[in-house]
Structure formats: C-alpha cells, structure tokens
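Naming convention: chains lettered A, B, ... in sequence-line order (proteins, then strands); numbering from 1 in each chain.
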Protein chains: 2
Amino acid sequence: MPETVARIASRAERKERTRQRLLDVTLEFIEKRSLAGISLREVAREAGIVPTAFYRHFESMDALGVELVDESMRPLRQMIRDARRGSPTHQDIIKNTVEILGRQVREHKAEFRFLSRERYGGIAAVRRAIATELRLFTSELTVDLARITAGAGWSSYDLEMTADLMVAAMLAAVMELLEAEARHAEDERTILDRSERQLRLIALGMSVWHSATD
Amino acid sequence: MPETVARIASRAERKERTRQRLLDVTLEFIEKRSLAGISLREVAREAGIVPTAFYRHFESMDALGVELVDESMRPLRQMIRDARRGSPTHQDIIKNTVEILGRQVREHKAEFRFLSRERYGGIAAVRRAIATELRLFTSELTVDLARITAGAGWSSYDLEMTADLMVAAMLAAVMELLEAEARHAEDERTILDRSERQLRLIALGMSVWHSATD
DNA sequence: GCTTTCAGTGCACGCTCGTACACTCAATAG
DNA sequence: CTATTGAGTGTACGAGCGTGCACTGAAAGC
C-alpha cells in the first residue's frame, strides 16, 4: 500500500538512488581514466554495494556506459534550448552561444569529459550512442541555420555541411576547455574568444558562399 | 667484429625487430580496444616473446604508447610535405590537400585510429604527446597561411585561429572516415567532398574577414 | 497476517594481470 | 680464445578481476 507521502524511501526510490550512485561514481572515475580501464568491482565498491549487486542495475560496465551517454547529453540538450532563447541579430547569436557553451562546460565538466573521452574510445556501443546523439545535435543546428538563411537559396546539403563544421569547431573548443583546466596552458577566455572568432569566420564565409559558387 | 655485410641479423637488428613487432601488435589491437584495455601480457604473447622480456624494450605499456605517437605521426608529417609540393592556386590547394588527406587515411588507418582514439583517451602521457604533435601541425599550417595571405594584414593571432579551425575540420573528417569504414554509413567520397566544401567555406570567410572586422 | 518479490549479501571459482628473480646461451668485445 | 653482455626464458607470487550460486530480510501485494 503506497503512502500518500513517502516519509522514508520506498523500494523503487532506493533502487533508483543506488543506480544513480553507480552512474555518478563512474563519471568521477572518468576524470582520470577511460571506461575501458574502470572495473565493475571498484564502481560497486565506491557506490557501497557488493559486486554482484551491480547486476541488479546494469548487465555490464559497457551497458552502464551507454546509459551514461544519455545522462551526459542532458547538459548539451539544455545548451540548445538556452541558445535558442537567444537574441535576434547574427553576431549576437554567436556571442551568446559561445557564452552558453562556456558556462555549460564549466558547470558540467564531468559529463563533457566523459563524452569527449569516449567519443572515439574503446567501447563500440558507447561510441555508437554518442555518435547518434551528436548527429541529432548537428541536425538541430541545421534546422536553426535553415531558419536563419531562409530564402537565401541554401541547399539542405550545404546547410548540413556548415552545421557539421560549426559543431566540429565547438567540440574542439570544448575539448580545449577541458584540457586547459588541468594544464593552465591557455585560459578559458582565450579559448572562448578564439571559438567565437572561428564561428564568425564561418558565418562570414556563409554570407558570400552563393555569390562564389553559383 | 662487425661484418661488412651482415648476412644474418645482428643483435641490435634483432632487438629493433622485436621492438617494432611490439609496436605493430599494439597498433593492431587498437582497432578494437583502447590502450588502457590492452595488457602487456597479450602484446608480448602476440609478438612472440615472454612477458618479462617486454621490459627490455619499454618500461610499461604507457611508455610504449608515447613511442607509438611518434611512430603514428609520421604519415601526418608526410601529409604536410606532400601538400606543400602542391599546386599554386587557392582552390587547387584545398582540393589537393583533401585528396592527400583521404589517401593518407586510407593507407595508414591503424596509425590514424590510434591517434584519434588516444587523443582524449585515458592515458595522460599519451594525450600530452599527441597534443604537442598536433600543436606543431597547426603551427606548420599557420606558416603556410601566412605565406598565402602575405600583405593582406593578417595578425598572427587570427592566422592561428584560422589554422586551428582548419585542423579541427580536417580531424573531424579523419574521424568520420575511420568510423565510416566500419559502418558504411557514408562513403569516403561524400566525407571528403564535405570536407572540401568546409575548407572552401573557411577560405571564403578569410577573403572578406578584414573588410568586415577592420 | 501470510506470501511473494527482489535489492543487496557472502563465498567461492577459475582467470589474467604486472612483475620479481634466477637462468641461458649466442653475439660481441678485447 | 676467453670474458662480457644482454635479449629472451621459466617459474612463481600476490592481487584483482568477472561472475555463478545460495542466501537474507525488509518492503510490497493480496
């Protein structure tokens, strides 16, 4: 019989909490090592359960990794939503987007590190999950670009090509931000400034694209 | 006493050959897994020596990984040399470069896969070695861009920013080429064509950069 | 209130792992 | 010819791994 107000965690709640602990613990380990180098036993140990209890939640570390992709993509999806609520003019969109990018990376380092570390990492299933999500991200951006360039005669092929380039530029910035953190080689501002200029360079290319290729 | 013509492998030659076998075997394993998931024992086994003999060549798998970076960078360096022996006009440079990129990736898949897999992988020393080499690559490209845009009033800061963007675009293409191989999602021609368009878009942006920012 | 469910336990197993140590024996050096 | 060197051997160890299996005990279902 379910109480109207559960004063103490129910069975399902407790399970969910343990599951979340497993995911969180793995995310912490990712800071130093890659998924392939993290054992089921140490994750279970750190989460405070016995190794065999791990199987109540995931059938393997690889499966946990795939779930973690979803989990980690949330900040990225939030980023799109934030960026869309942005300002009207071209240049402002870029400035705004880069700023949001910087903030999201700062606030969700572990998630972004996981995604960049495993994007081309050793576990095929995880790679595939990340690739799928990023393709979604690119197609979202393509839609935005289509809206912005409406009536300017852009083919969907070229729009996607451009979105792809922009995503590549932004992901490169993300990775540099994560690396810079640890090595103090360049500070955040420098990286974001460069990224902003790169996106503006691309936008500039777009503005003369058809006059050069038509 | 060294013979004038060594008919049978000398001691040093034999050692070098074993060392190379260890590197090659590791490169083969990288196709399926990341460095962190490859054990010293299996590398030794596959190379035909006993595990403890591994230490005659490298002090750990991590150290072998760092050496492998050098080894794998050779095709990339060759790429620069090939591209520079290229043609004079702007558009031809891009077409030519992308073609060379495609060929190098096709001919040196394993090396490129190693670099992309470990670029943000779990071993800090390997990450650092790759980052250093790639920074060198970017600065080479910056020099080329400086030569091409000589007298057009480009700051070295903006040149580097642009080179950085171009490298990001090319690396993204490399990674897609490697992924496509296994999944047949897109064929090589499509990816290279897109990459060519992306570089051309950037070049177009460059041609109007100063009129827009000065 | 009795029964069922199931998250978490505890033990045991057969592996593989990195590495220490003493060794062999052919190529090299003097 | 003899002595040295050093790449590769063989054994052995302790530790950690993934996982199978029988279990416990509290919450949920009826």
_Counterpart residues, side chain to side chain donor-acceptor pair (under 3.5 Å), relative to A:S72 (two or more places apart)_ = none

*Would you check if there is a donor-acceptor pair between the side chains of A:E71 and A:Q20 at a distance under 3.5 Å?*
yes

*Would A:T190 and A:D187 count as having a side-chain donor-acceptor pair, cut-off 3.5 Å?*
yes

*Identify whether the distance between the nearest side-chain nitrogen and carboxylate oxygen of A:E99 and A:R103 falls below 4.0 Å.*
no

*Please answer whether the main-chain N or O of A:L178 pairs with a side-chain N or O of A:R113 as donor and acceptor at a distance below 3.5 Å.*
yes

_Please classify the nucleic acid contact of A:R45 as base, sugar-phosphate, or nothing, using heavy-atom distances under 4.0 Å._
sugar-phosphate

*asked:* What is the distance, to the nearest angstrom, from the CZ atom on A:F54 to the C1' atom on D:dG20?
replied: 16 Å

*Nearest-angstrom distance from the residue atom CD of B:E16 to P of D:dG8*: 11 Å

*Look at the side chain of B:R41 and the base of C:dT19, then say whether one donor and one acceptor between them are separated by less than 3.5 Å.*
yes

_Please determine whether a side-chain nitrogen of the Lys or Arg among A:E133 and A:R77 lies less than 4.0 Å from a carboxylate oxygen of the Asp or Glu._
yes

*What stems, by residue range, does DNA chain D take part in, given at least 3 consecutive Watson-Crick or G-U pairs under 3.5 Å?*
C:1-30 with D:1-30

*Could you check whether A:R17 gets within reach of a base, just the sugar-phosphate, or nothing at all, counting any heavy atom under 4.0 Å?*
nothing

_Atom pair distance, as rounded to whole Å: CG in A:D62 and P in D:dG18_ = 11 Å

*For A:E42 and D:dG18, give me the distance from atom CD to atom C1', rounded to whole Å.*
13 Å

_B:A12 vs B:Y55, nearer the 5' end of DNA chain C by closest nucleotide_ = B:Y55

*Just how far, in rounded Å, is P of D:dG16 from CE of A:M61?*
18 Å

*asked:* Assess whether a salt bridge exists between A:K95 and A:D92, defined as any Lys/Arg side-chain N lying under 4.0 Å from an Asp/Glu carboxylate O.
replied: no

_Would you say that A:V174 contacts A:Q104 through its side chain, given a criterion of any heavy-atom pair below 4.5 Å between the two side chains?_
no

Might you list the N or O atoms of the protein lying below 3.5 Å from N or O atoms in nucleotides 6-8 of chain C, with each pair's distance?
from: C:dC6; atom 1: O2; to: A:R11; atom 2: NH1; distance (Å): 3.3
from: C:dA7; atom 1: OP1; to: A:K15; atom 2: NZ; distance (Å): 3.3
from: C:dA7; atom 1: N7; to: A:R56; atom 2: NE; distance (Å): 3.2
from: C:dA7; atom 1: N7; to: A:R56; atom 2: NH2; distance (Å): 3.4
from: C:dG8; atom 1: OP1; to: A:T18; atom 2: OG1; distance (Å): 2.6
from: C:dG8; atom 1: OP2; to: A:H57; atom 2: NE2; distance (Å): 2.7
from: C:dG8; atom 1: N7; to: A:R56; atom 2: NE; distance (Å): 3.2
from: C:dG8; atom 1: O6; to: A:R56; atom 2: NH2; distance (Å): 2.8

_Determine whether a donor-acceptor pair (N or O, by modelled atom type, separation under 3.5 Å) exists between the side chain of A:R119 and the backbone of B:Y120._
no

*What is the distance, rounded to the nearest whole Å, between atom CD of A:E59 and atom C1' of D:dG18?*
13 Å

_Under-4.0 Å side-chain N/O to phosphate OP1/OP2 contact, B:S10 with C:dA27_ = no

